[in-house]
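Got a structure for you, questions after.
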Amino acid sequence: MRLLVVIGTRPEAIKLAPLVHALRDNPAFSVAVCTTSQHSDLLQPMLEFFGLHCDWDLHCMRAGQTLAGLSQKVLAGLDDLLVREHFDRLVVQGDTTTAFVAALAAFYRGVAVDHIEAGLRSGDLQHPFPEEANRRLADVVAANLFAPTEGARQNLLREGYPSERIFVTGNTGIDALWLARGLVEREARPLPIALERGARLALVTAHRRESFGPGLERIGRALIHLTDRHPELHILYPVHPNPNVLAAATRTLGGRVRIHLLDPLSYPDFVRTLAAADLVLTDSGGVQEEAPVFGKRVLVLRETTERPEGIAAGTAELVGTDEQRIVDRAEALLALHGPQTAVSPYGDGHASQRIVEVLQTGALAQPFGS
Ligand code: UDP
């Protein structure tokens, strides 16, 4: 079976790498990888870390490009490739423009689509934008729907997708995390910033499009307030290179004592920092899934989440971008000294094997969580 795996952004590289390796280990499959380079600077180090060789690069990103401009390039580039090369199936992951548009290109050419991380829903098409629409649209054109959790399966069933096309596998991001965690534990490398004895560490990521502008400003003011009130607290904020995020972070937080604005961290450095953090504040989807693997509770800097399992399990809490609410809830978590004991509801490290099993046999003996 000849498969084309399409990767556009950092999280897709992380979440598809374990699957590409599992497929390549299996002689039943021949796997090619195409990148759209939707993220260019963020993507390359991830591909290198996971040893992912890309057979084609469509170079779709341009500075200041619109979503329509990006979609146009992905659609045309993929269509051209699908005409030149024969593939039995095309694999996409998640909710990016790359994932949706590549799935659409395959659908138009009659190539069966496998959607990894299907069925996530925030319930609000505008939040996150455009990801909520992208993930729904990718599901519409997919043949196999690989839902990470039972909750995602239920979302798909409610929308009328037939149960025989839905497979609950766990999230492949947790497979990647297990790979990286082993490496991080073997290598005794220091954290990206030096901390004095007794210091406490907050890890922050914030880059969602709907927070651009006032939302990011409010998050910034909350972080300043927290470091003012807690002299032992250091904030490590690897800043997304998106110009809107970089400008807001630098303007609000640049030069502030104990607020460390860093370039994006390598995946192992990010995992190492997550494992050491006393507090995690994020608007990232992947980080909501990863934090509980290390027993960390997360404050989610958004109004909605498509990952309600963490909320139900008490590993995550929605705090939005309200300054006072962020400060209050961060202080409540900082007051809980001692090891945190959250448990991951998102995966067990075997999602990729389950996906391979479905692709090979058409069925899944033991769904995740059963
Ligand atoms: N990540 C990383 N370095 C960083 C920040 C994040 O390696 O400086 C990883 C993180 O471990 C997670 C992924 O990037 O797996 C999340 O990516 P992002 O927040 O861009 O996307 P989302 O998860 O929101 O789709």
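Note that ligands are numbered from 1 as they come in the structure, with each ligand's atoms numbered from 1 the same way. The residues of the chain are indexed from 1 along the displayed sequence. Quick caveat, the model's predicted, so the values are computed rather than measured.
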Query raised in the report: Would you say the side-chain atoms of His86 and Asp88 include a donor-acceptor pair closer than 3.5 Å?
Result: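 There is such a pair between these side chains.
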
Query raised in the report: If you measure from the Lys or Arg side-chain nitrogens to the Asp or Glu carboxylate oxygens, is any gap between Arg354 and Asp175 under 4.0 Å?
Result: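 Result for this pair is no, no salt bridge flagged.
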
Query raised in the report: In order of chain and number, which residues sit within 4.0 Å of ligand 1 by heavy atom?
Result: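 Ligand 1 pocket, heavy atoms under 4.0 Å: Arg10, Pro11, Ile14, Met46, His207, Arg208, Pro238, Pro264, Leu265, Tyr267, Phe270, Ser284, Gly285, Gly286, Glu290.
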
Query raised in the report: Can you tell if the side chain of Asp80 reaches within under 4.5 Å of the side chain of Trp56, non-hydrogen atoms only?
Result: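 No, too far: nothing below the 4.5 Å cut-off.
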
Query raised in the report: Applying side-chain hydrogen bond (donor to acceptor under 3.5 Å, both in side chains), which residue pairs with at least one partner in residues 9-23 are found, sequence neighbours left out?
Result: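 Residue pairs with at least one partner in residues 9-23: Thr9-Glu12, Glu12-Thr96, Lys15-Glu117, Lys15-Glu289.
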
Query raised in the report: For the residue pair Ser211 and Thr321, what are the closest heavy atoms and their distance?
Result: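 Distance-wise, the nearest heavy atoms are OG-CG2, 4.0 Å.
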
Requested in this report: Report yes if some heavy atom in the side chain of His53 is under 4.5 Å from a heavy atom in the side chain of Val33; otherwise report no.
Outcome: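 Not in contact.
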
